[in-house]
There are 2 protein chains.
Amino acid sequence: MSQHRHPGAPGRAGAVPALPDLPEATVARLPEYLRALHNLADAGHETVSSEGLSAAAGVNSAKLRKDLSHLGSYGTRGVGYDVALLIEQIEYVLGLTQRRAVALVGVGNLGHALAGYDGFASRGFRIAALLDADPSRVGEEINGLVVRHVDDLPTVAAEESLAIGVIATPAAAAQQVADQLVAVGVTSILNFAPCVLSVPEGVDVRKVDLAIELQILSFHEHRKASLTALPATGGTALTALPGGFAATDTQEAIGT
Amino acid sequence: MSQHRHPGAPGRAGAVPALPDLPEATVARLPEYLRALHNLADAGHETVSSEGLSAAAGVNSAKLRKDLSHLGSYGTRGVGYDVALLIEQIEYVLGLTQRRAVALVGVGNLGHALAGYDGFASRGFRIAALLDADPSRVGEEINGLVVRHVDDLPTVAAEESLAIGVIATPAAAAQQVADQLVAVGVTSILNFAPCVLSVPEGVDVRKVDLAIELQILSFHEHRKASLTALPATGGTALTALPGGFAATDTQEAIGT
DNA sequence: AGGCGCTTGTGAAGACGTGCACAAATCGCG
DNA sequence: CGCGATTTGTGCACGTCTTCACAAGCGCCT
Ligand SMILES: NC(=O)c1ccc[n+]([C@@H]2O[C@H](COP(=O)([O-])OP(=O)(O)OC[C@H]3O[C@@H](n4cnc5c(N)ncnc54)[C@H](O)[C@@H]3O)[C@@H](O)[C@H]2O)c1
Ligand SMILES: NC(=O)c1ccc[n+]([C@@H]2O[C@H](COP(=O)([O-])OP(=O)(O)OC[C@H]3O[C@@H](n4cnc5c(N)ncnc54)[C@H](O)[C@@H]3O)[C@@H](O)[C@H]2O)c1
């Protein structure tokens with residue numbers, strides 16, 4: 001694992017932007033801000049304060065300001081942020097100015113739902129191909145796209161510049177599919193199969209695992225239950241939560 | 001820190017042995033370990049070293065040991081961990097010893113896929129009810145369960161002790177559904193709708209947002225592209241940043 | 001019994017992320 | 001034109017997470 005630290009990189013002078021290297025935590029929040037901004041834009045707002053935007057995105061306002069400052073932001077003191085401009089900035093940084101092509105592999109139960117999901121199109125992506133290994137599924141048309149055989153992947157990749165591969169096959173097939181995706185040049189993979197993927201350096205994998213999310217919630221349920229179950233005699237005040245946990249991905253008790 | 005009592009071993013059902021409060025990052029990894037352990041158990045392994053398990057779960061071995069040490073784990077130096085015992089321990093801590101009832105609200109495109117997903121059952125959960133607001137969907141049978149109207153939620157909650165609510169409705173309806181879930185006593189929610197939910201203190205919300213995942217991947221694609229394409233002559237000359245990023249939830253380059 | 005190799009558990013150090021609090025900047029208005 | 005109200009951008013301190021490195025413990029083999 002090569003680790004390079006690059007402190008300065010202050011070259012934010014140009015009108016057309018250089019890519020700052022953002023903290024990963026910031027990158028993970030930018031999409032949230034973007035969604036909130038789109039909502040605000042639709043509602044007719046032209047500017048928004050960090051307070052307002054952070055509330056809409058469900059984060060702390062100082063954190064939001066720091067995040068935006070990382071991308072050399074364009075706020076105006078005393079006023080706030082220009083909604084349209086900020087949308088443009090964030091979309092640029094996230095690389096959404098080009099509509100990225102997504103290949104979806106595994107058109108089963110989940111794959112069907114994904115194929116029919118309009119959130120792809122509305123958030124900067126385009127399903128370029130549906131692929132499956134099951135011959136009886138090949139040829140099926142979903143949402144205007146015909147399912148092709150996964151072995152056609154090289155052909156598909158030749159036709160389109162695939163940016164992202166989505167794996168929605170059973171876990172047993174996921175590694176093989178990942179290898180096939182990597183072989184045709186895909187360097188970003190979203191994996192729905194509950195398994196760890198091995199990929200070469202330079203390839204990014206993110207996973208979505210429903211059961212993991214549920215189990216994390218289960219832990220907190222268990223914990224909450226074990227707190228309430230404390231004997232009343234001498235029980236410590238449990239209304240004042242001991243800490244409250246805020247996880248990377250957990251929102252709790254967002255006030256109204 | 002190690003005057004640990006056996007939480008796990010024999011007869012632990014009665015007195016709840018005050019759960020250690022684990023670092024949130026650890027909690028998020030326990031399900032991964034659990035899955036890896038089940039795979040190992042199925043493959044016939046009786047013990048596993050931290051090295052082996054961490055490889056199977058895709059994490060650093062020191063991290064794994066520290067995680068397990070937090071739950072007062074019982075590894076044996078020179079040998080490793082007892083697979084069956086560790087499974088038991090983790091399942092206990094995660095609160096999976098009781099099969100938790102899940103209510104799924106919104107039986108549309110995605111909801112159908114979730115309803116048909118066997119990963120619920122195999123990982124400690126049980127879909128207790130399918131709910132929807134659309135009268136034409138009510139009554140439909142999916143996987144042995146009949147879709148009920150979302151307004152029946154109080155009745156359902158009275159029949160079953162609901163542990164977790166899953167929201168798979170459009171974003172516009174999500175807040176209202178969340179309120180309904182909270183009203184019947186649900187304190188853990190998994191939200192698939194792309195929006196922020198407001199819930200009272202003590203209620204946990206986790207979200208799964210496909211578009212966010214894709215946009216994070218897009219960022220890395222963009223960044224990788226801007227690194228490889230180093231224009232020599234003017235243009236949008238970008239600062240040449242060396243690579244290497246590792247994210248909270250991103251695995252990259254797991255060697256073979 | 002004793003030594004040896006292997007593996008756990010953890011102290012310590014450093015990287016990273018968060019949130020407060022406030023100076024600097026900007027606008028609107030008298 | 002200056003002043004007060006407002007809001008950004010950020011220095012700083014603190015908490016959390018990660019990783020290294022190694023002593024302590026365990027089992028096996030001789
Ligand atoms: N259904 C859900 O709600 C859900 C939720 C979370 C995670 N998942 C995970 O998503 C994955 C898919 O779930 P599903 O319910 O859609 O399963 P499924 O069995 O309905 O669909 C899997 C599809 O993948 C195809 N496939 C199998 N091997 C393939 C290969 N080598 N190349 C290409 N395609 C191949 C199959 O033909 C099938 O169409 C599983 O790993 C599951 O654990 C599903
Ligand atoms: N389909 C996907 O692959 C996918 C992926 C990621 C996220 N999502 C999100 O998941 C959600 C559902 O997506 P979908 O594609 O299944 O949409 P969908 O329109 O197919 O299904 C939504 C269902 O929710 C029901 N519903 C609406 N209002 C309700 C209410 N107040 N109470 C109960 N039920 C109500 C509708 O009757 C419908 O059956 C959306 O928010 C979507 O953005 C979907």
Side-chain angles (χ1 to χ4, degrees), chain A residues 1-7 10 12 20-30 33 45-55 57-83 85-86 89 242-252, chain B residues 1-4 20-30 32-33 45-55 57-83 85-86 89 244-252:
Chain A
M1 245 188 263
S2 53
Q3 204 58 274
H4 306 265
R5 208 99 303 274
H6 199 287
R12 43 161 298 186
D21 63 346
L22 306 172
E24 194 55 37
T26 295
V27 173
R29 282 187 295 263
L30 288 181
Y33 304 153
H45 292 71
E46 301 208 336
T47 64
V48 64
S49 70
S50 66
E51 207 64 49
L53 181 53
S54 68
V59 303
N60 178 300
S61 71
K63 186 156 42 177
L64 176 125
R65 287 198 298 277
K66 188 154 290 184
D67 283 341
L68 294 186
S69 79
H70 280 122
L71 37 102
S73 119
Y74 287 72
T76 311
R77 294 175 190 224
V79 176
Y81 299 90
D82 182 289
V83 172
L85 178 59
L86 200 47
Q89 287 269 327
F245 13 83
T248 335
D249 219 9
T250 303
Q251 58 170 103
E252 177 169 353
Chain B
M1 306 289 134
S2 24
Q3 295 106 332
H4 267 120
D21 66 345
L22 306 171
E24 193 56 38
T26 296
V27 174
R29 282 187 295 265
L30 288 180
E32 305 259 24
Y33 304 154
H45 293 72
E46 302 208 335
T47 65
V48 63
S49 70
S50 66
E51 206 65 49
L53 181 53
S54 69
V59 302
N60 177 301
S61 72
K63 186 155 41 176
L64 176 126
R65 287 198 298 277
K66 186 149 288 186
D67 283 342
L68 294 186
S69 79
H70 281 122
L71 39 104
S73 117
Y74 282 69
T76 312
R77 295 174 189 226
V79 176
Y81 299 90
D82 182 289
V83 172
L85 178 60
L86 200 48
Q89 288 267 327
F245 20 80
T248 337
D249 216 14
T250 302
Q251 55 170 105
E252 177 167 356

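Chain letters run A, B, ... following the sequence lines, proteins first, then strands; residues in each count from 1.
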- Query: Think B/Arg29 has a side-chain N or O under 4.0 angstrom from the OP1 or OP2 of D/dT18?
  - Reply: yes

- Item | Check against side chain to side chain contact (heavy atoms under 4.5 Å, CB included), A/Thr26 and A/Arg29 | CA-CA 5 Å; A/Thr26 295; A/Arg29 282 187 295 263; 4.0 Å; yes

- Under 3.5 Å: donor-acceptor pair, side chain of A/Thr76, backbone of A/Val79: no

- On DNA chain C, more 5' by nearest nucleotide between B/Gly80 and A/Val79 is B/Gly80

- Item | Nearest-angstrom distance from the residue atom CG of B/Leu68 to P of D/dT18 | 14 Å

- Query: Would you say A/Tyr33 and A/Leu86 make side-chain contact, with heavy atoms under 4.5 Å?
  - Reply: no

- Query: Would you say the side chain of A/Arg77 and the base of D/dT8 hold a donor-acceptor pair, judged only by whether the two atoms sit under 3.5 Å apart?
  - Reply: yes

- Message: If you only use heavy atoms from C-beta on, which nucleotide in D/dT7, C/dG17, C/dG19 is closest to the side chain of A/Pro23?
- Response: C/dG17

- Query: Can you check side chain to side chain contact (heavy atoms under 4.5 Å, CB included) on A/Thr47 and A/Tyr81, steps first, answer last?
  - Reply: CA-CA 5 Å; A/Thr47 64; A/Tyr81 299 90; over 6 Å; no

- Item | Between C/dA21 (P) and A/Arg65 (CZ): distance, integer Å | 13 Å

- Query: Are a donor atom and an acceptor atom from the side chains of A/Asp82 and A/Tyr74 found within less than 3.5 Å of each other?
  - Reply: no

- Message: Pick the closest DNA chain D nucleotide for A/Gly78 and for B/Asp67 by heavy atoms, then say which residue is nearer the 5' end.
- Response: A/Gly78

- Can a side chain N or O of B/Tyr81 be found less than 4.0 Å away from OP1 or OP2 on C/dG9? yes

- Atom CG of A/Asp82 and atom P of C/dT26: how far apart are they, to the nearest Å? 15 Å

- Phosphate-side-chain proximity, B/Asn60 and D/dC20, N/O vs OP1/OP2 below 4.0 Å: yes

- Task: Report which part of the nucleic acid B/Ala25 touches: base, sugar-phosphate, or nothing (heavy-atom distance under 4.0 Å, all strands).
- Result: sugar-phosphate

- Does OP1 or OP2 of C/dT10 have a side-chain N or O of B/Lys66 closer than 4.0 Å? no

- Message: I need the CG-P distance between A/Leu64 and C/dC20, as an integer number of Å.
- Response: 14 Å

- Query: Taking atom C1' of D/dT18 as reference, at what distance in whole Å does atom CG of B/Leu22 sit?
  - Reply: 17 Å

- Message: Nearest heavy atom decides the nucleotide; on that basis, is B/Thr76 or A/Thr26 closer to the 5' end of DNA chain C?
- Response: B/Thr76

- Query: Just how far, in rounded Å, is P of D/dT16 from NE2 of B/His70?
  - Reply: 11 Å

- Distance, rounded to the nearest Å, where B/Leu71 contributes CG and C/dG9 contributes C1': 13 Å

- Query: For C/dT7, does either OP1 or OP2 sit under 4.0 Å from a side-chain N or O belonging to B/Ser50?
  - Reply: no

- Message: In whole Å, I'd like the distance from the CG atom of B/Leu86 to the P atom of C/dT8.
- Response: 11 Å

